[in-house]
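Notes follow once the structure below has been shown.
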Amino acid sequence: MEKLILIDGNSIAYRAFFALPLLSNSSGLHTNAVFGFTTMLLKLIEEQKPTHFLVAFDAGKATFRHEGYKEYKGGREKTPPELSEQFPLIKELIQSFSINQYELAGYEADDIIGTMTRMADERGLDVIVVSGDKDMLQLASDRVTIALTRKGISEVDLYTPQAIQDKYGLVPKQIIDLKGLMGDASDNIPGIPGVGEKTALKLLHQYSSVEEVLAKADEITGKMQEKIKQHADDARMSKELATIFREVPMELQLDELSYNGYEGPTLGAMFRKLEFKSLLEKMDLSGGEPAVETSIEVEIVGRESLAALTDAFTGVTAVHIEVIGENPHVSEIIGLAFSTAEGANRFVPAELLHIPEAGRLRDWLADDNAPKIVYDMHRTEVGLHWKGVPLRGVSFDVLIAAYLLDPTESTHTLSELAGRYKLPVIALDENVYGKGAKFKVPEADVLSKHLARKADLLRRLVPVLQDELDNNEMHRLYYELEFPLARVLASMEKQGIRANADGLKQLGGELGQTIEKLVDGIYKAAGSEFNLNSPKQLGEILFDKLGLPVVKKTKTGYSTDAEVLEKLAPYNEVVSSILIYRQLAKLQSTYVEGLLKEIRGETGKVHTYYQQTIAATGRLSSQFPNLQNIPVRLEEGRKIRKVFVASEPDWLILAADYSQIELRVLAHISGDEKLKEAFRNDMDVHTKTAMDVFGVSEADVDANMRRQAKAVNFGIVYGISDYGLSQNLNITRKEAAQFIEQYFAVFQGVRHYMDDIVRQARTNGYVTTLLQRRRYLPEINASNFNLRSFAERTAMNSPIQGSAADIIKLAMVQLAERMAKEKVRSRMLLQVHDELVFEVPQDELELMKQLVPEVMESALALDVPLKVDVNYGDNWYEAK
DNA sequence: ATGCTCACG
DNA sequence: ACGTACGTGAGCATC
């Protein structure tokens, strides 16, 4: 069976461009549209297996349509330069795929495609037309299917004549009539004013064509009749403009479009040029330049030579210990590889680590004076810990350096770092181990080489990364903050925090009963039973069955989030029950059941894992379980905190949190006098903001004024926009804009900071925190409003959030040192962005109550004081 | 795998 | 006109 694919090149390029974030390669060339185009081509080739293929493009500006109607496609936004520059690349890409492309002066891609479908139809070929433009539907026939891109570009909807009938109740030819009546703003086709899709469809279902509608206009009632008569000519012309011309005088014959697939090396070369690394690896496009691994020498160490192994480790040795599994607290170690300063590589199978002959190796791993280079010390240390092997003496962690050099990169795998720093290629773990259910540890010959390559790469990366850190003035950030912090985190996690399982179970039982009653009531009120956890089913009940007004939609259907439900509560009592159900169900599934699963039977403790190299701002994140989002705002949820207790009898939980750290940081970096004054006088900053913005005395600030001022302060920290503030305060955008203006009139230093930081981002391409942590913002100069605005808000927020992260991390490192020096038994257990949680013996309470805030407050000297509140009790709930 | 919802700072 | 507040992780349903 022969099959022809016809692609509307311009349309797909546009879709791809707007669907994907602005990727760019190392020379700054944007490639997102090219990338989207590539994935679409790959998918079509694989899934459709075309025998014939053509990509058609619009040629030049003027087409025959402009002869009759000069304003055709007028008023359209100019093509963004970031997209224009990609068209030559897209054309080159198509060539690399060995796919035919065609354009003809005076005609649009539609017309070329229309003509081709006619020819193919006559010849009996099956055709798929790929476009983002609904006009194409007019071409559908028994042999011609139209694939329209859905949201994004990876998904398409297929339209056969039947599908068009089902969706619009029209035959394909009537799509032109539809356009004739409703017009098309994007092509500047007028149609009949006031006629949208709904009306146009109604008219066509009755009269079948534009001509009939115009002829029978007298039958139509009301204002519509007048409009139709008045704009009859517009409708006729619109229909004509929307009609795809299917007789383009082309030289091109069908036979010339035959497609025999692409040549791997040619496509590979193009992907390398575009720096599509993930595709290169996934598709294994060898040939051309060698993107393959070079050979490597590695000695597989056996039982007999194990004892002498460490004799070779005289200088700084690179060690890679492969810890398998996402959670290092429950992981397997499958092998160890070593690369000496002289470049000799050794591999030790994991099972040898525990035999007596490995004694010297274990000592070496634990030796503070045996310098080691590793990838992800924190994870490795935790993984080894549960196998009873300590890790000490690490002198450099490649992962942390890579993260600091660009915290926005989604991953910093060794394979990716090799590419990023132009070092010898190594395979993806996925390709060596397989993934998901297919995961399998390979034989020693394969595994030893893979891990030796990693160790070898570590050694080569260190000087490069050290240079880069120095260039970026990140020496202090690395050596005084992030690197020592990794050990502090590992120690906190190994320690774990005790969670009372019985308490949780009791809480769960109570919740279960309340939830059961709620659910019964909700089903009764709804008149049927359904899955309350399904937003889809809930939406059908609320909006279709009960007929409540639709407030907000998601891309897949009705929105039923809390904001929507609050608005619906006055219409139907069941809605407030649903809100309560949601709240309790969350507590039950995430916090009661979820937490219970994470408690270790032997110790009754949970051991979270802090990710140090994920958040773009420099914050930590917490997993397995996440202990940074334990409920606190509502009393019902807050009770969960009662189960977090000290792990020794009579010890206490002590919590210390920074008061308003982000606004204090803002006061410092903006230098705003008013804001500094507020903190120097230790005022309530939201009240002070209300006083200044509303121009009233402290006594006259009511609760509502303070609430609004608080929202403005939050907004300022987030990178304010009138829209965001208006949503938060439920006020109009204009009012929000006025608030912001009043705020800036008072806090002029803050306004200057906001302007200046965005300017800095534009000039440098990045913004920095107090300790020189960097965040790159490539989209700060984008022509797309949304992308650019997002980057601007990020530029305002990141230095604030990131500097606050710098400060608490610094405090953690200093506290760990002080606590060791003072030889306290107290332990640091948790960090929650602006809060540290400890367990302390009674006899150290007074010391810790004094020491903790002292260190936290003096971690970094600012122009305003830092303030820390300390609380303690038998559990985390009481420590408030 | 992806989207929705919701917990935290 | 556009449509978003900044940063995360987990559970569940659905595809």
Side-chain angles (χ1 to χ4, degrees), chain A residues 18 75 77 151-152 154-155 185 326 407-408 436 530-539 552-565 578-579 582-595 597-598 608-611 614-634 636-638 640-641 657-658 660-662 711-712 714-729 733 736 740 775 783-802 804-805 808 830-835:
Chain A
F18 288 108
E77 285 276 329
K151 291 254 164 170
S154 49
E155 302 271 319
E326 271 205 293
T408 45
F530 60 100
N531 186 346
L532 245 179
N533 289 328
S534 160
K536 190 166 166 248
Q537 294 182 33
L538 178 60
K552 190 165 69 167
K553 286 197 155 194
T554 67
K555 51 177 133 179
T556 51
Y558 306 121
S559 169
T560 66
D561 65 20
E563 191 191 325
V564 170
L565 295 183
I578 295 171
L579 275 165
R582 278 256 176 93
Q583 190 201 331
L584 301 183
K586 176 85 175 176
L587 291 178
Q588 183 78 302
S589 68
T590 305
Y591 296 104
V592 174
E593 292 165 5
L595 214 46
K597 282 185 214 147
E598 299 288 346
T608 190
Y609 177 60
Y610 288 105
Q611 285 281 7
I614 292 283
T617 52
R619 277 189 174 184
L620 299 175
S621 77
S622 156
Q623 293 174 307
F624 321 123
N626 182 351
L627 294 182
Q628 289 182 321
N629 70 348
I630 302 300
V632 68
R633 291 172 190 167
L634 301 174
E636 294 91 324
R638 195 171 190 154
I640 298 278
R641 297 189 168 219
D657 66 292
Y658 281 109
Q660 303 294 352
I661 189 168
E662 291 189 337
V712 173
F714 267 96
I716 292 291
V717 168
Y718 291 155
I720 198 141
S721 73
D722 47 9
Y723 180 84
L725 184 65
S726 73
Q727 290 294 302
N728 194 290
L729 282 178
R733 213 167 129 158
I740 295 169
R775 175 159 185 186
S783 63
N784 180 308
F785 174 86
N786 280 331
L787 292 178
R788 191 177 62 247
S789 305
F790 189 25
E792 287 169 358
R793 290 195 300 274
T794 312
M796 300 181 224
N797 169 267
S798 287
I800 301 172
Q801 197 184 109
I808 191 165
L830 302 177
Q831 189 252 40
V832 193
H833 309 306
D834 63 356
E835 173 185 14

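Every chain is numbered from 1, with letters handed out A, B, ... down the list of sequences.
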Residues at least two apart in sequence or cross-chain that pass side-chain hydrogen bond (donor to acceptor under 3.5 Å, both in side chains) with A:Glu835, listed by chain then number, are A:Trp876
Considering only heavy side-chain atoms of A:Lys586, the closest of C:dC6, C:dG11, B:dA7 is B:dA7
Residue pair A:Arg733/A:Arg775 against DNA chain C: nearer the 5' end by closest nucleotide is A:Arg733
Margin query: Need one value for A:Gly594: base, sugar-phosphate or nothing, where a base atom within 4.0 Å counts as base even if backbone is also close, heavy atoms only.
Written below: sugar-phosphate
When rounded to whole Å, the CZ to P distance for the pair A:Phe530 and C:dT14 reads 12 Å
Can a side chain N or O of A:Asn629 be found less than 4.0 Å away from OP1 or OP2 on B:dG9? no
- Query: According to a strict under-4.0 Å criterion, is A:Ser621 in side-chain N/O contact with OP1 or OP2 of C:dG7?
  - Reply: no
Margin query: With a cut-off of less than 4.0 Å, is there a side-chain N or O of A:Asn786 near OP1 or OP2 of C:dT4?
Written below: no
field: Side-chain N,O (A:Arg793) to OP1/OP2 (C:dA5) below 4.0 Å
entry: no
Under 4.0 angstrom between A:Lys536 side-chain N/O and C:dC15 OP1 or OP2: yes
Hits for side-chain hydrogen bond (donor to acceptor under 3.5 Å, both in side chains) against A:Gln611, two or more places apart or cross-chain, chain-then-number order -> A:Gln623
**Request:** For B:dA7 versus C:dC2, give the span between their P atoms, rounded off to a whole number of Å.
**Result:** 31 Å
| A:Thr560 vs B:dT5: side-chain N/O to OP1/OP2 distance below 4.0 Å | yes
Under the 3.5 angstrom rule, does the side chain of A:Tyr658 hit a backbone N or O of A:Ala804 as a donor-acceptor pair?
no
- Task: Could you check whether A:Phe790 and the base of C:dT4 form a stacked pair, meaning centres closer than 5.5 Å and planes differing by less than 30°?
- Result: no
Sequence neighbours excluded, the answer for side-chain contact (heavy atoms from CB on, under 4.5 Å) partners of A:Ser559 is A:Lys552, A:Thr554, A:Asp561, A:Val564
Face-to-face contact A:Tyr718 to C:dC6 six-ring, under 5.5 Å, under 30°: yes
> Within the structure, does a side-chain N or O atom of A:Arg582 lie under 4.0 Å from either OP1 or OP2 of B:dT5?
Replying inline: no
Applying salt bridge (charged side-chain N to carboxylate O under 4.0 Å, His left out) to A:Asp722 and not counting sequence neighbours gives A:Arg733
Applying salt bridge (charged side-chain N to carboxylate O under 4.0 Å, His left out) to A:Arg619 and not counting sequence neighbours gives A:Glu662
Checklist entry - Are OP1 or OP2 of C:dT14 and a side-chain N or O of A:Gln537 less than 4.0 angstrom apart? => result yes
Check: Within the modelled atom types, does a donor on one side and an acceptor on the other bring the side chain of A:Gln801 and the base of C:dC6 under 3.5 Å apart?
Finding: yes
Heavy-atom closest pair (A:Gly637 atom, A:Leu587 atom, distance to 0.1 Å) is CA-CD2, 3.6 Å
Taking only side-chain N and O atoms of A:Arg633, does any of them lie within less than 4.0 angstrom of OP1 or OP2 on B:dC6?
no
**Prompt:** If only side-chain N and O atoms of A:Ser789 are considered, is one of them under 4.0 Å from the OP1 or OP2 phosphate oxygen of C:dT4?
**Reply:** no
Open item on the list: Could you tell me how far B:dC6 sits from C:dG3 if I compare only their C1' atoms? Round to whole Å.
Closed with: 22 Å
Taken to the nearest whole Å, CG/A:Asn533 to C1'/C:dG11 is 9 Å
Pairing string of DNA chain C (Watson-Crick or G-U wobble, both atom distances under 3.5 Å; | = paired to other strand) is .....|||||||||.
Looking only at heavy atoms, the pair that brings A:Leu595 and A:Pro625 closest together is CD1-CG, 3.8 Å
Between CD of A:Gln588 and P of B:dA7 the distance, given in whole Å, is 14 Å
